[in-house]
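One structure is given below, encoded as structure tokens.
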Amino acid sequence: MSSSEPDQMRFGNKPKTSRTSSNSREKTVGSPKSCRLHISMEHLQMQQPNVYRRAAGSNWLAATVSGSDNKVHGAKAAEDGTAPDSEHLTKSARTRQRKMAQRNRYLAMDCEMVGVGHNGQEDMLARVSIVNIAGHVLLDKHVKPRQPVTDYRTSVSGIRPHDIENAEDFATVQNEVVKMIHGKILVGHALRNDLAVLNIKHPFEQIRDTSRYKPLCKLVSNGHTPSLKRLTMAVLGQEIQTGEHNSVEDARSAMGIYNRIAADWEKYLEKKQLQQQRF
């Protein structure tokens, strides 16, 4: 390994490879922090599975949380106005405070549903999870269905009768979610389904849906709507949903995907907005 290669690995950058050797690319295992770096879409390449994913279970991205708890609490304090008076902070401290407040604007959400009605064909909320930009869990609650469950869909949802038997009422959780995501950039996969079972709305311009970002869909699935499982493998090199789904894991995956290509995503949205203004 050359002297430059450790530096590339430390900062999450991938060594340059030629097109002719792309099929023989070795597996790379980046640090959890590397998943949060912004890289150009033109450098995004299909990743190989992370061999440590199965050993880590559903907490494969939780490692990103341990080093960011203090930063998260600091950002929340800055946003809530409970942080120390900025006039008494140094310039660098005020800059860090602003950056952390900005980072706390991004939340990822995912829901698990059970089936109600005839043959369990209608969706009903059973669990909702929200994480911040670092993957830290801000909310993870089971919800008591408002109708009798006719299909728990356990093989996919991971929901069992005892999970929701004494869960919180729908209205209570719904109100908590509304307050938490208000004014935030909401990240997720197929968010329209999650918002529908929550029976809430969120401003379109504040949504970052990994299933609807066209450049990514074109790159990963030739323009078709890709699954979160496929996107996570392609962008992060991580294997998820090997069995029952986990809404915390899925929310973290969506956030990880957004973090990886955020710079290009935001530029894409700005360009579209300018084009619309012209017409």
Side-chain angles (χ1 to χ4, degrees), residues 53-54 56-62 64-65 72 76 106-182 184 186-202 207-211 225 227-232 238-257:
R53 163 63 181 86
R54 293 181 180 178
S58 64
N59 294 320
W60 60 269
L61 201 55
T64 62
V65 178
V72 169
K76 189 175 188 302
Y106 295 83
L107 300 178
M109 181 176 72
D110 188 79
C111 297
E112 299 297 347
M113 302 114 174
V114 292
V116 299
H118 181 66
N119 293 330
Q121 294 180 352
E122 298 179 30
D123 294 333
M124 182 65 66
L125 179 68
R127 182 184 179 186
V128 56
S129 303
I130 298 177
V131 303
N132 66 8
I133 199 169
H136 182 82
V137 178
L138 303 182
L139 182 144
D140 182 27
K141 291 186 175 182
H142 286 92
V143 182
K144 182 179 293 185
R146 294 168 291 168
Q147 298 180 31
V149 178
T150 52
D151 186 358
Y152 284 91
R153 306 174 183 175
T154 304
S155 61
V156 176
S157 70
I159 303 297
R160 293 171 172 76
H162 67 268
D163 292 326
I164 55 179
E165 184 176 1
N166 297 312
E168 291 193 39
D169 291 333
F170 174 85
T172 302
V173 177
Q174 180 194 50
N175 187 53
E176 191 171 354
V177 171
V178 169
K179 290 181 179 180
M180 186 170 291
I181 69 175
H182 178 70
K184 310 291 185 178
L186 189 61
V187 181
H189 188 82
L191 277 169
R192 59 185 176 183
N193 297 328
D194 298 326
L195 293 171
V197 294
L198 279 161
N199 196 25
I200 62 177
K201 295 182 179 180
H202 198 70
I207 289 178
R208 304 293 184 268
D209 194 329
T210 56
S211 73
T225 302
S227 66
L228 180 60
K229 180 183 178 76
R230 183 172 182 178
L231 281 177
T232 304
Q238 300 287 354
E239 185 179 18
I240 66 169
Q241 299 177 350
T242 54
E244 298 173 3
H245 292 197
N246 183 308
S247 52
V248 171
E249 180 181 61
D250 290 351
R252 284 173 171 164
S253 298
M255 183 61 83
I257 292 169

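Numbers here simply count residues along the sequence, with the first being 1. On a predicted model such as this, the values are computed, not experimentally measured, just so you know.
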Is a side-chain N or O of [X] found less than 3.5 angstrom from the main chain of [Y], in a donor-acceptor match?
| X | Y | result |
| --- | --- | --- |
| T150 | N119 | no |
| E112 | S247 | yes |
| D163 | R160 | yes |
| S211 | L228 | no |
| H142 | H162 | no |

Out of curiosity, [X] [atom1] to [Y] [atom2], how far, rounded to the nearest 0.5 Å?
| X | Y | atom1 | atom2 | result |
| --- | --- | --- | --- | --- |
| M180 | L138 | CE | CG | 5.5 Å |
| K229 | Q241 | NZ | CD | 6.5 Å |
| E244 | S157 | CD | OG | 7.5 Å |
| C111 | I130 | SG | CD1 | 8.0 Å |
| M255 | L107 | CE | CG | 6.0 Å |
| R153 | D123 | CZ | CG | 4.5 Å |

Does the pair D169/R146 count as a salt bridge with the N-to-O cut at 4.0 Å?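 A salt bridge is absent here (no side-chain N lies under 4.0 Å from a carboxylate O).
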Is the closest side-chain heavy-atom distance between [X] and [Y] below 4.5 Å?
| X | Y | value |
| --- | --- | --- |
| H189 | D110 | no |
| V137 | R252 | yes |
| I207 | R192 | no |
| R127 | I159 | yes |
| E176 | V128 | no |
| Q174 | L125 | no |

Partner of D250 by side chain to side chain contact (heavy atoms under 4.5 Å, CB included), out of I240, V131, T232: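 Result for side chain to side chain contact (heavy atoms under 4.5 Å, CB included) with D250: I240.
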For the pair I200 and I181, evaluate side chain to side chain contact (heavy atoms under 4.5 Å, CB included) and give the outcome as yes or no after the intermediate values. CA-CA 11 Å; I200 62 177; I181 69 175; 3.9 Å; yes
List the residues meeting side chain to side chain contact (heavy atoms under 4.5 Å, CB included) with N193, not counting sequence neighbours, and say none if there are none.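 Once residues adjacent in sequence are excluded, the partners of N193 under the side chain to side chain contact (heavy atoms under 4.5 Å, CB included) criterion are M113, A190.
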Provide the closest heavy-atom pair for [X] versus [Y] in the form atom of the first, atom of the second, distance.
| X | Y | answer |
| --- | --- | --- |
| S129 | D140 | OG-OD1, 2.7 Å |
| V143 | I164 | O-CG2, 3.5 Å |
| V116 | P148 | CG1-O, 3.5 Å |

Does D151 form a side chain to side chain contact (heavy atoms under 4.5 Å, CB included) with Q121? I'd like the steps, not just the answer. CA-CA 8 Å; D151 186 358; Q121 294 180 352; over 6 Å; no
Would you check, one step at a time, whether the test side chain to side chain contact (heavy atoms under 4.5 Å, CB included) holds for R230 with T225? CA-CA 10 Å; R230 183 172 182 178; T225 302; over 6 Å; no
